[in-house]
Amino acid sequence: MLVPHWDSWHRMPDRDSLRWSEQKHPIPTPYFISHFQRILLSHQEVAYWRQGSSPQLPIDIKRPKWRAPIGQPTSEQQTILNTLLSAKTGTWLLTAARGRGKSTLAGMFLSQCSGVCWVTAPRQSAIQILKNHSGKEITFVAPDALLNDCLKHQVDHVNWLVIDEAASFPIALLSKLLGYFQRILLTTTIDGYEGTGHAFVLKLFSQFPKAQWLTLNQPIRWAKSDPLEQMLNEIMMLNTIPTELEEHLPKKIIAFTQSDELSQPRFLQAFYKIAL
């Protein structure tokens, strides 16, 4: 990665800020850049080469070689496929971090599933990977049209409803849809900044406590313990586990500013755990 001058980088305007800052011109993002620099320097496998100085080479850590997917389900995927294909009724939630093959698994499931299967997602382009692995024509129904069909027509003939990127749906819409179908598979990523994150799981299971939760953990697009994934997860705090607050424990309110993150980075992660 080629970056600006290290010591002045945090003062430079960030063009990406136009996407979210509501300003006419790019603004600097000094706190994020400082956080980014701190994580980069803390990782032993990052090569740091400052212009005009000798490079700091990373430590060579031996890892198993990555094996590219060959089109067959992994053992983890096959176990979930067996579970879904033998299901008679119920709601199933499949979650996974990026690169674990959840959309691929959904496509494999549809390729083996008999009967009528409908697929919905926030947008049709979101199911491209699913379509590529299904091996057959997919019946896609947009969310608003799907609810309209349920209200006006019988949908008892539909054996499975697959909802991709489910966390992007309003929970009220999902609650209505799930009442019309005998078997539903929801797939989504809950880590990161898409949809409603971990709050989606809490809301879903509060309304559908009998739903079954399935997960994929083994990466497919890259090797296990990939150093780049680990570093990006730390930078974006994608692997942060939410904290459940105990009602009976004493509470203490403290002031926390953006500048505190630079001197006490643990505060930022502790805050993020609660925010999730």
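Residues take their numbers from the sequence shown, with the count starting at 1. Note that this is a predicted model, so its numbers are computed, not measured.
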Next on the checklist: Testing the basics here: between Ala166 and Phe200, what is the closest heavy-atom pair and its distance to 0.1 Å?
Outcome noted: O-CE1, 3.6 Å

Next on the checklist: Side chains of Trp222 and Glu229 only: does a donor on one sit below 3.5 Å from an acceptor on the other?
Outcome noted: yes

Next on the checklist: Do Leu2 and Leu40 sit in one hydrophobic cluster, given that two such residues count as connected whenever their side-chain heavy atoms are within less than 4.5 Å of each other, even indirectly?
Outcome noted: no

Checklist outcome for this item: Heavy-atom closest pair (Leu214 atom, Ile80 atom, distance to 0.1 Å) is CD1-CG2, 3.6 Å

Next on the checklist: Exactly one of His35, Arg38, His43 should register a side-chain hydrogen bond (donor to acceptor under 3.5 Å, both in side chains) with Glu234. Which one does?
Outcome noted: His43

Item to check | Between CG on residue Leu147 and OH on residue Tyr180, distance to nearest 0.5 Å | outcome: 6.5 Å

Item to check | Trp20 atom CH2: more than 12 heavy-atom contacts under 6.0 Å | outcome: yes

Next on the checklist: So, taking the atom named CG in Leu18 and the one named CZ in Arg15, what distance separates them when rounded to the nearest 0.5 Å?
Outcome noted: 9.5 Å

Checklist entry - Is there side-chain contact between Pro143 and Leu173, with heavy atoms separated by less than 4.5 Å? => result yes

Item to check | Joint cluster assignment, Trp49 & Trp9, ILVMFWY side-chain distance < 4.5 Å | outcome: no

Checklist entry - Is there a path from Leu174 to Leu185 through hydrophobic residues (I, L, V, M, F, W, Y) whose side chains come within less than 4.5 Å of each other? => result no

Checklist entry - What closest approach, in Å, do Arg221 and Ile129 show between heavy atoms, and which atom pair accounts for it? => result NH2-CD1, 4.2 Å

Checklist entry - Between Trp66 and Ile220, is there a donor-acceptor pair closer than 3.5 Å when you use the side chain of the first and the backbone of the second? => result yes

Next on the checklist: Could you go through Val162 and Cys117, starting from their C-alpha distance and side-chain angles, then the distance that decides it, and tell me whether this counts as side-chain contact (heavy atoms from CB on, under 4.5 Å)?
Outcome noted: CA-CA 7 Å; Val162 176; Cys117 301; 5.6 Å; no

Next on the checklist: If you take the centroid of each ring, where Trp contributes its six-membered ring, are Trp92 and Phe109 closer together than 6.0 Å?
Outcome noted: no

Checklist entry - In Å and rounded to the nearest 0.5 Å, what is the CD1 to OG1 distance from Ile163 to Thr120? => result 6.5 Å

Next on the checklist: Keeping Thr139 on the side-chain end and Trp118 on the backbone end, is there a donor-acceptor pair under 3.5 Å?
Outcome noted: no

Next on the checklist: side-chain contact (heavy atoms from CB on, under 4.5 Å), that's the test. Do Leu81 and Gln78 meet it? Break it down for me.
Outcome noted: CA-CA 5 Å; Leu81 283 173; Gln78 189 61 59; 4.1 Å; yes

Next on the checklist: For residues Leu232 and Leu41: do they belong to one hydrophobic cluster (side chain heavy atoms under 4.5 Å, members Ile, Leu, Val, Met, Phe, Trp, Tyr)?
Outcome noted: yes

Next on the checklist: So, applying side-chain contact (heavy atoms from CB on, under 4.5 Å) with Arg100, which one of Leu105, Thr74, Leu216, Leu94 is it?
Outcome noted: Leu216

Item to check | Full working for side-chain contact (heavy atoms from CB on, under 4.5 Å) between Val155 and Leu161 | outcome: CA-CA 10 Å; Val155 291; Leu161 172 67; over 6 Å; no

Next on the checklist: Strictly by side-chain hydrogen bond (donor to acceptor under 3.5 Å, both in side chains), give each pair with a member in residues 204-215 just once, sequence neighbours left out.
Outcome noted: Thr95-Trp213, Ser175-Gln207

Next on the checklist: I'd like to know if the side chain of Thr188 and the backbone of Ala167 have a donor-acceptor N/O pair within less than 3.5 Å.
Outcome noted: yes

Checklist entry - When you measure from the side chain of Ser17 to the backbone N and O of Ile27, does any donor-acceptor pair fall under 3.5 Å? => result yes

Checklist outcome for this item: In terms of heavy-atom contacts, Ser111 and His133 come closest through CB-O, 4.1 Å

Next on the checklist: With a sphere of 6.0 Å drawn around NE2 of His25, does it hold more than 12 non-hydrogen atoms of other residues, nucleotides or ligands?
Outcome noted: no

Item to check | Pair Arg123 + Glu165: basic N to acidic O under 4.0 Å | outcome: yes

Checklist outcome for this item: Rounded to the nearest 0.5 angstrom, the CD1-CG distance for Ile184 and Leu177 is 9.0 Å

Next on the checklist: Using side-chain heavy atoms (C-beta onward) and a distance below 4.5 Å, is Lys102 in contact with Thr189?
Outcome noted: yes

Next on the checklist: With rounding to the nearest 0.5 angstrom, report the CE to CZ distance, Met236 to Phe32.
Outcome noted: 5.0 Å

Next on the checklist: Would the distance check show the side chain of Asn132 and the main-chain N or O of Gln128 forming a donor-acceptor pair, the cut-off being under 3.5 Å?
Outcome noted: yes

Item to check | Cluster link Val3 to Tyr48, ILVMFWY, side chain under 4.5 Å | outcome: yes

Checklist outcome for this item: Heavy-atom closest pair (Ala126 atom, Asp164 atom, distance to 0.1 Å) is O-OD2, 3.5 Å

Next on the checklist: Given 3.5 Å as the limit, does a donor-acceptor pair link the side chain of Arg183 with the main chain of Asn159, or not?
Outcome noted: yes

Item to check | Spatial distance of atom CZ (Phe208) from atom CG (Leu93) [nearest 0.5 Å] | outcome: 12.0 Å

Next on the checklist: On a heavy-atom basis, which atom in Ala121 and which in Phe140 lie closest, and how many Å separate them?
Outcome noted: N-CE1, 3.5 Å

Next on the checklist: Can a donor-acceptor pair be found, under 3.5 Å and without considering hydrogens, that links the side chain of Lys136 to the backbone of Leu110?
Outcome noted: yes

Item to check | Side-chain ion pair, Arg50 and Asp7, N-O less than 4.0 Å | outcome: yes

Item to check | Close side-chain approach of Leu146 and Phe181, heavy atoms under 4.5 Å | outcome: yes

